[in-house]
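Model, not experiment: these values are computed from the prediction.
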Amino acid sequence: MKVGLMGFGKAGKSVAKVILQHPDFSLEWVFKNSKTMDHMTAKDFLGVSSPDKALIISKQNTSIDDLLDQYPVDVIIDFSTTENIHDYGKTVSGRGIKIISAISHYSDEEKALLKKLSKKTVVFWSPNITLGVNYLLFASSLLKDLAPDVDIEVIEEHFKAKEGVSGTAMKIAETLDIEAENINSVRAGGIVGKHEVIFGFPFQTVRLVHESISREAFGTGALFVAKNIRDKSNGLYNFEDILRPYFFKETESALS
């Protein structure tokens, strides 16, 4: 699959590195806001040997239409900004190019736009695109179903400069039907991302923990999604849609 990457910050660079090293995917270009590194390549910048084009192109010098005319792709992976979907969404969906968004926070306006775009193409959105976190969500949901009255607290830890409560923690709270006040945030040093769900029973405690050791986990998660939406029909998808078939397949195999 030919991939176009939106954003080249810390997460974007890590995702690019993963794509460049995967034989089933080709990083065609990185589209970023500033002119710095314009027309360099991501593989040279990251020091990765790869046959991919991996051009770094600035939106200040090139329109999304011209970019796609010159370097067509099968899927867009977005690690840029909340507002960027307004700049490229209509053009990309009109061409039937799949969209994978890993943006942490979207307003109701952006969520409505994603739904509109999904009528013309496959759109996937997850505030945390790591496979482990989404498995944690499944496990947490199962435990909550078994013990609906259990006490639940969520602890999320991130690097010092991260603002606001993480989108992942908010998603966990939404999934488990708990209030945002049950989310405890820690900001320290260079923590990539850690989420812990604590289930408090009368005579025991269960803790489910996921920690991102490296931002490359975002890249492996994004490519896992890309593989699994390859043959999907148009629509808006999330990680539950992707994981559910695996979950029930494994359950059926265990019972047979």
Examine distances only and state if a side-chain atom of [X] and a backbone atom of [Y] form a donor-acceptor pair shorter than 3.5 Å.
X: Lys2; Y: Asp74; result: no
X: Thr62; Y: Lys59; result: no
X: Asp177; Y: Ala173; result: no
X: Trp125; Y: Ile100; result: no
X: Ser126; Y: Ala102; result: no
X: Thr91; Y: Tyr88; result: no
X: Lys43; Y: Ser50; result: yes

Ignoring hydrogens and geometry beyond distance, is a side-chain donor-acceptor pair present between His86 and Glu110 at under 3.5 Å?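 Side chains of His86 and Glu110: pair found under 3.5 Å.
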Practice problem: Using distance alone, with no hydrogens and no angle criterion, decide if Asn84 and Thr81 have a side-chain donor and acceptor under 3.5 Å apart. | Solution: no
_Applying side chain to side chain contact (heavy atoms under 4.5 Å, CB included) to Ile152 and Val197, what does each step give before you reach the verdict?_
CA-CA 7 Å; Ile152 303 175; Val197 185; 3.9 Å; yes
Kindly determine whether Val192 and Phe159 satisfy side chain to side chain contact (heavy atoms under 4.5 Å, CB included), including the steps that lead there.
CA-CA 6 Å; Val192 174; Phe159 53 94; over 6 Å; no
message: Quick check with a 6.0 Å cut-off and a 45 degree axis cone: is Arg230 positioned over the face of Phe224's six-membered ring?
response: no
(request) Establish, for the pair Lys111 and Tyr106, whether the NZ or CZ atom is under 6.0 angstrom from the six-membered ring centre and no further than 45 degrees off its axis. (result)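 Geometry flag: not set, cation outside 6.0 Å or 45°.
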Practice task
Look at the rings of Phe124 and Phe239 and say which category their plane angle falls in: under 30° parallel, 30 to 60° tilted, over 60° perpendicular.
Solution key: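 If you compare the ring of Phe124 with that of Phe239, the planes turn out perpendicular.
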### Query
Less than 4.0 Å between a side-chain N and a carboxylate O, is that true for Lys162 and Glu156?
no
Worked verdict on Asp66 versus Ser63 for side chain to side chain donor-acceptor pair (under 3.5 Å)
CA-CA 5 Å; Asp66 289 343; Ser63 70; 3.3 Å; yes
Review point. Passes side chain to side chain contact (heavy atoms under 4.5 Å, CB included), Lys232 versus Lys98? Steps please.
Key: CA-CA 10 Å; Lys232 294 285 189 186; Lys98 296 175 174 61; 5.7 Å; no
### Message
Between Phe45 and Phe8, does the ring pair (Phe, Tyr, Trp, His ring centres under 6.0 Å) criterion hold? Intermediate values first, please.
### Response
CA-CA 11 Å; Phe45 180 84; Phe8 204 52; 5.7 Å; yes
message: Is there a path of hydrophobic side-chain contacts, each under 4.5 Å between heavy atoms of I/L/V/M/F/W/Y residues, joining Tyr246 to Val133?
response: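 The answer is no; the residues belong to distinct hydrophobic clusters.
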